[in-house]
2 protein chains.
Amino acid sequence: MTDYITLLKANDLKATIQRTSILQSIDHAGHINIDDIYDDVKKQYPTLSLATIYKNIIVMQENNVIVEVPLNGEKSKYELKKDEHMHLICDSCGFIMDTEITSQTKETLVIENFQLKSSQINLFGLCKKCQ
Amino acid sequence: MTDYITLLKANDLKATIQRTSILQSIDHAGHINIDDIYDDVKKQYPTLSLATIYKNIIVMQENNVIVEVPLNGEKSKYELKKDEHMHLICDSCGFIMDTEITSQTKETLVIENFQLKSSQINLFGLCKKCQ
DNA sequence: ATAATTGCAAATTTTTTGCAGGTTC
DNA sequence: GAACCTGCAAAAAATTTGCAATTAT
């Protein structure tokens, strides 16, 4: 909890109970969409409104606290901002797992005439449990 | 034009003028969102409705004619279904360029305990013109 | 004390649906 | 001719906004 307060303040945001509970929900789930955050935080703070979540998702993205994970055919999920990584997404159970992008992979992604700044890599397939 | 008719029929869809013009719009743009398709096709077919575009985007995805490209902070774009490739996305002008995923890259993406089926790779940075 | 944030309700935007008439094969 | 597709208008879902009351620093 203290962690989220520190995280918010370090990024110039006031530490409200609404924000810390949204962050806790995202952190706990790993990757989660807005409706599921709402269901989650309402358990503890029944008056926390959906509008507040929308507003804070925007402001926390702007302040580099969280990151959007856009997905095909469903609403975007959000994750805490972390070091660069890629996503292993299970076609069967939908679970999203973070994995390091190896230096070997990075070396192969140097492209001529393109000044690379960042990357988004999603790998789809079957996770250990589902295969 | 004939190409789009063939493409649709090959994928069990009736070749209507609405569908061929949507495909032409997507093909011409490379990557384009629903509103821009709408603006585009209305020039030729002013009565073509947004509802028809929504319905066809869904059915053409289901029938493997087009593919969604989900993006952070904006509406998804759509492209014609093509061979596996990655996207170079310019942070400055927004242009999306298709590029081959090299076999060297693929080799580095073999992960233990994950049965890879497909991948989505977006690289962000500056294109030749914008750097 | 000040400036920012919240929750509510209303407004707006986006997407989906139902159905009568038209089109494709 | 059968099945499917379209356009319209209406419905539903998702997101944003304005503002008075509250809260963080």
Side-chain angles (χ1 to χ4, degrees), chain A residues 1-25 32-63 65-66 68-78, chain B residues 1-25 32-63 65-66 68-78:
Chain A
M1 191 63 70
T2 302
D3 305 359
Y4 305 127
I5 295 174
T6 308
L7 177 61
L8 287 164
K9 290 188 179 174
N11 290 284
D12 304 316
L13 290 173
K14 285 191 180 177
T16 63
I17 194 71
Q18 290 84 352
R19 286 179 183 160
T20 55
S21 68
I22 291 169
L23 288 178
Q24 187 168 48
S25 173
I32 186 170
N33 71 27
I34 288 194
D35 299 329
D36 291 343
I37 293 171
Y38 184 51
D39 290 346
D40 210 13
V41 297
K42 269 207 307 191
K43 289 176 197 154
Q44 268 205 72
Y45 303 99
T47 62
L48 203 161
S49 71
L50 196 47
T52 293
I53 297 180
Y54 275 106
K55 287 170 185 166
N56 280 312
I57 287 291
I58 291 169
V59 82
M60 291 196 291
Q61 277 184 270
E62 286 170 351
N63 288 45
V65 174
I66 64 174
E68 181 181 359
V69 182
L71 295 164
N72 286 63
E74 57 177 302
K75 285 199 190 184
S76 288
K77 294 186 177 179
Y78 297 86
Chain B
M1 190 63 71
T2 302
D3 305 0
Y4 305 126
I5 294 175
T6 308
L7 177 61
L8 288 164
K9 290 188 178 174
N11 289 285
D12 305 315
L13 290 173
K14 288 190 178 173
T16 65
I17 193 70
Q18 291 82 352
R19 285 178 184 160
T20 55
S21 69
I22 291 169
L23 287 178
Q24 187 168 46
S25 173
I32 187 169
N33 71 27
I34 289 195
D35 299 329
D36 290 342
I37 293 171
Y38 185 49
D39 291 344
D40 212 12
V41 297
K42 269 208 307 189
K43 289 176 198 156
Q44 268 205 75
Y45 303 100
T47 62
L48 203 162
S49 72
L50 196 48
T52 293
I53 297 180
Y54 274 105
K55 286 169 184 165
N56 280 312
I57 287 291
I58 291 169
V59 82
M60 293 196 290
Q61 276 184 271
E62 286 170 354
N63 289 45
V65 175
I66 64 172
E68 180 180 0
V69 182
L71 295 164
N72 287 63
E74 56 179 303
K75 287 196 186 184
S76 288
K77 294 185 176 178
Y78 297 87

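Reminder, nothing fancy here: chain letters follow the sequence lines and each chain counts from 1.
Rounded to 10 degrees, the angle separating the terminal axes of the helix from C:dA1-D:dT25 to C:dC25-D:dG1 is 60°, with each axis obtained from five end pairs.
Residue pairs meeting the salt bridge (charged side-chain N to carboxylate O under 4.0 Å, His left out) criterion with at least one partner in residues 47-59 of chain B, sequence neighbours excluded, do not occur; the list is empty. Every pair tested for salt bridge (charged side-chain N to carboxylate O under 4.0 Å, His left out) that includes a residue from residues 10-22 of chain A fails, sequence neighbours excluded, so the list is empty.
B:E62 is linked by a side-chain hydrogen bond (donor to acceptor under 3.5 Å, both in side chains) to nothing, counting only residues two or more places apart in sequence or in another chain. In terms of the side chain to side chain contact (heavy atoms under 4.5 Å, CB included) criterion, residue partners of B:K9 (sequence neighbours excluded) are, by chain and number, B:I5, B:A15. Residues satisfying the side-chain hydrogen bond (donor to acceptor under 3.5 Å, both in side chains) test with B:N72, not counting sequence neighbours, are A:Q120. Looking at residues two or more places apart in sequence or on another chain, you find a side-chain hydrogen bond (donor to acceptor under 3.5 Å, both in side chains) between A:K75 and A:D35. Under the side-chain hydrogen bond (donor to acceptor under 3.5 Å, both in side chains) criterion, A:Q61 pairs with no residue, sequence neighbours left out.
Closest approach of B:Y38 to B:I53, counting heavy atoms only: CA-CD1, 3.5 Å.
Side-chain contact between A:L7 and A:L13 is absent, with no heavy-atom pair separated by less than 4.5 Å. Contact of the A:V59 side chain with the A:N56 side chain is registered, since non-hydrogen atoms from C-beta on lie closer than 4.5 Å.
Side chain of B:L50, nearest nucleotide from C:dG7, C:dT15, D:dC5: C:dT15. Listed candidates were D:dC5, D:dA14, D:dG7. Nearest to the side chain of A:K75 is D:dA14.
Residue-level contact check: B:L48 touches the backbone only, with heavy atoms under 4.0 Å from sugar-phosphate atoms and none from bases.
Rounded to a whole Å, the CG atom of A:D35 is 11 Å from the C1' atom of D:dT15. Atom OH in B:Y78 sits about 10 Å away from atom C1' in C:dT15, given to the nearest Å. Computed from coordinates, the A:L8 CG to C:dT6 P distance equals 10 Å when rounded to whole Å. Atom CD in B:E68 sits roughly 10 Å away from atom P in C:dT15 (whole-Å rounding). Look at CD on A:E74: it is 16 Å from C1' on D:dA13, rounded to the nearest Å. Put simply, OH on B:Y38 is 14 Å from C1' on C:dT13, counting in whole angstrom units.
A close approach under 4.0 Å does occur between a side-chain nitrogen or oxygen of A:Q18 and OP1 or OP2 of C:dG7. Listed pair A:T47 / C:dG7 meets the phosphate criterion, a side-chain N or O lying under 4.0 Å from OP1 or OP2.
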Note to self: I'd like to compare against my own output: the B/S/- annotation of nucleotides 20-25 of chain C with a strict under-4.0 Å heavy-atom distance to protein.
What the structure shows: ----BS

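DNA chain C is contacted by B:Y54, B:K55, B:I58 of residues 52-63 of chain B, taking any non-hydrogen atom closer than 4.0 Å.
A donor and an acceptor atom, one from each side chain of A:S76 and A:E68, are located under 3.5 Å apart.
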